[in-house]
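Here the structure is a predicted model, which is why all the values come from computation and not from measurement. Counting starts at 1 for both ligands and their atoms, in listed order.
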Amino acid sequence: MSLQGRRILLIVGGGIAAYKCLELIRRLRDRGCAVRTVATKAATEFVTPLSLASLSEDKVYTELFSLTDESEMGHIRLSREADLIVVAPATADLMARMAAGMANDLASTVLLATDKPVLIAPSMNVQMWQHAATQANRATLAARGITIVGPAAGDLACGEVGSGRLVEVPELIQAIETALSPRPLAGRTALVTSGPTWEPIDPVRLIANRSSGKQGHAIAAALARAGAAVTLVSGPTAEPDPVGVTVQRIETAAEMLAACQQALPVDIAVFAAAVADWRADTVSTQKLKKGGEPPTLTFAPNPDILATIAQHPTSRPRLVIGFAAETEAVVEQATAKRLRKGCDWILANDVGLGTGTFGGDANTIHLIDADGAEAWPRLAKVEVATRLVDRIIAALA
Ligand code: PMT
C-alpha cells in the first residue's frame with residue numbers, strides 16, 4: 001500500500017527504544033509520508049528534538065503550555081491534522097495515562113483530543129509489561145479500538161529477557177500501512193488455516209509435510225488489512241504471526257478442527273493448511289526402540305476440517321474457500337473436490353515436483369467456483385492473497 005501523502009503524528013515516549021523512532025521517521029519519509037513529532041519530556045532524555053526535527057523536516061512539539069506552539073498550531077489542530085497517530089515507544093506510564101484519560105502533558109492531551117485512529121507500540125521491562133495494571137490498561141485501550149503492535153520478545157535493554165521490546169521498524173511500517181488501508185471488510189469475521197499438521201508416532205517422531213504456512217499466513221494478513229477480525233489456526237511454522245491477527249497454534253488435525261470449531265461463527269473461512277489425511281492409529285507413549293523387525297505403522301483417517309465446516313448444520317460461514325493440492329489433472333481433481341467437500345470456491349494449485357508450491361514464495365492458482373475455473377498467472381503468495389481478498393470483498397459486497 002502506498003503511504004505517499006499520508007500524514008502521521010508520531011508521539012515519542014520516554015524509553016530506551018526511542019532511538020528507533022529516528023529510523024522509523026526516515027523510512028516513513030522515504031515512502032512519501034509527512035511525519036510531525038510530539039516528544040514527551042522523558043523522550044527528550046533519549047533522543048534530541050534536533051534529531052527528530054532534522055529527520056522529519058518539521059517542528060517538534062514538546063510543551064503543552066507553549067505560547068508560540070499554541071498560537072502556531074493548537075494541540076487540538078495537532079491531534080486532528082494527522083491521518084494516524086502513532087505512539088512509539090508507548091511506555092507503561094503513557095499507556096496508563098491514556099487508559100485513565102489524563103491530559104497532563106502535550107502527548108496525553110493530544111491523545112485525548114484526537115478523533116483519528118491511534119496505533120501504539122509498547123516497549124518496557126518484561127515485569128512492567130506483565131504487571132496486572134499494564135495488562136488492564138492494554139485491554140482498556142484495545143477495547144477502545146486502539147491498535148496495539150507488539151511488544152516483541154527477546155533481550156531487553158535492562159538486561160532481562162522476555163516480552164517488552166519495541167517491534168522492529170519494518171513491522172511497525174507494516175502495521176501503519178494496515179491501519180491506513182481502506183477497510184472494506186470492517187465488521188466481518190474470518191477464519192484461516194495455515195501450515196502443516198504434525199501427527200505423532202511416539203514422543204520423538206511424527207508425520208508432517210512440507211507446508212511452510214506462507215500462503216495461509218499471507219491470506220490471514222491480507223484479510224486483516226482489509227479490516228476483517230481474523231483468527232488464524234496454524235500448524236507449526238517459522239512464519240511470524242501476522243499483525244493484527246489472533247493466532248491459535250496447534251499441532252494435530254484434531255487440534256486444528258477443535259480450534260476452528262471454537263472460532264465459529266465467522267463470515268469467511270479459508271482453508272490453506274496442509275492437513276494430514278491420516279494419523280498413526282496408536283501413538284506410543286514410549287520411544288519406539290531400534291532392533292528386531294522395524295515397526296509397522298497403521299493409520300486412522302483424520303477428520304476433514306474443510307468438509308466439516310462447509311457442511312456445518314448451524315454455523316456454516318457465508319463464504320467457505322478451500323485449497324486443492326494436486327499433482328495431476330489439477331483442475332478436474334479440484335472441481336470434483338469442491339463438490340465433495342461442499343465449499344463455495346476452491347483454489348487449485350499444482351504441488352508436483354519442481355513447482356516449488358510447498359515452501360516457495362510463489363503460486364499458480366486456478367480459482368474454481370460453481371461457474372467453472374479461472375486461471376491466475378504465477379504470482380507471489382502475498383499477491384495471491386491480495387487477489388483472493390479482492391474477490392472476497394466483491395463477493396460479500
Ligand atoms: O504453506 P505453503 O508452503 O505456503 O504452501 C501452500 C500450500 C501448498 C500448502 C497451499 O497452497 C495448499 O494447497 N493448501 C492445501 C493443502 C492440502 O491439504 O490440500 P488437499 O487437496 O489435500 O486438501 C483439500 C482441502 O481440504 C484443503 O483446503 C485442506 O486444507 C482441507 N483439508 C484436507 C484434509 C483434512 N483432513 N482437512 C482439511 O481441512
- prompt: Run the side chain to side chain donor-acceptor pair (under 3.5 Å) check on S51 and T48 step by step: do they pass?
  reply: CA-CA 5 Å; S51 311; T48 66; 2.7 Å; yes
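- By the criterion of a heavy-atom distance under 4.0 Å, both the backbone and the side chain of S211 are placed next to ligand 1.
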- request: Begin from the C-alpha positions of R97 and N104 and carry the test side chain to side chain donor-acceptor pair (under 3.5 Å) through to its verdict.
  value: CA-CA 9 Å; R97 287 189 289 129; N104 58 349; 2.8 Å; yes
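- In the vicinity of G322, heavy-atom distances shorter than 4.0 Å reach the ligand 1 atoms 28 (O).
- Near L306, meaning under 4.0 Å from any of its heavy atoms, are these atoms of ligand 1: 25 (C), 26 (O), 28 (O), 31 (C), 38 (C), 39 (O).
- Listed by atom number, the atoms of ligand 1 under 4.0 Å from A324 heavy atoms are 21 (O).
- To the nearest 0.5 Å, atom CZ of residue R188 and atom CG of residue L223 are 12.0 Å apart.
- Here is the list of ligand 1 atoms found below 4.0 Å of a heavy atom in F271: 27 (C), 28 (O), 30 (O).
- One finds a salt bridge joining E374 and R391 here, because a Lys/Arg side-chain nitrogen approaches an Asp/Glu carboxylate oxygen to under 4.0 Å.
- Set against the non-hydrogen atoms of K381, the atoms of ligand 1 under 4.0 Å away are 2 (P), 3 (O), 4 (O), 5 (O).
- Here's the thing with G216: none of its N/O atoms is less than 3.5 angstrom from an N/O atom of ligand 1.
- Within the structure, the closest approach of P303 to ligand 1 falls below 4.0 Å when heavy atoms are considered.
- Look at E81 and R7 and you find no salt bridge, because none of the NZ, NE, NH1 or NH2 atoms lies under 4.0 Å from a carboxylate O.
- Salt-bridge formation is not detected for the pair K381/D361: no Lys NZ or Arg NE/NH1/NH2 atom is positioned less than 4.0 Å from an Asp or Glu carboxylate oxygen.
- Side chain to side chain, Q286 and D202 fail the donor-acceptor criterion of an N or O pair below 3.5 Å.
- Contact atoms of ligand 1 toward K337: 20 (P), 21 (O), 24 (C) (distance under 4.0 Å to a heavy atom of the residue).
- Atoms of ligand 1 lying under 4.0 Å from at least one heavy atom of A272, given by number and element, are 9 (C), 10 (C), 12 (C), 14 (N), 15 (C).
- The part of N349 lying near ligand 1 is the side chain, judged by heavy-atom distances below 4.0 Å.
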task: Starting from the C-alpha separation in whole Å, work towards a yes-or-no answer on side chain to side chain donor-acceptor pair (under 3.5 Å) for T357 and N349.
output: CA-CA 8 Å; T357 308; N349 45 201; 5.8 Å; no
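- Residue A273 has at least one heavy-atom neighbour below 4.0 Å for each of these atoms of ligand 1: 14 (N), 15 (C), 16 (C), 17 (C), 18 (O), 29 (C), 30 (O).
- The proximity of D277 to ligand 1, defined as any non-hydrogen pair under 4.0 Å, is limited to the side chain.
- Heavy atoms of K341 come nearer than 4.0 angstrom to ligand 1 in at least one pair.
- Proximity of N363 to ligand 1, defined as any heavy-atom pair under 4.0 Å, is confined to the side chain (atoms from C-beta onward).
- Electrostatic pairing of R340 and D304 does not count as a salt bridge here, judged by no charged N lying under 4.0 Å from a carboxylate O.
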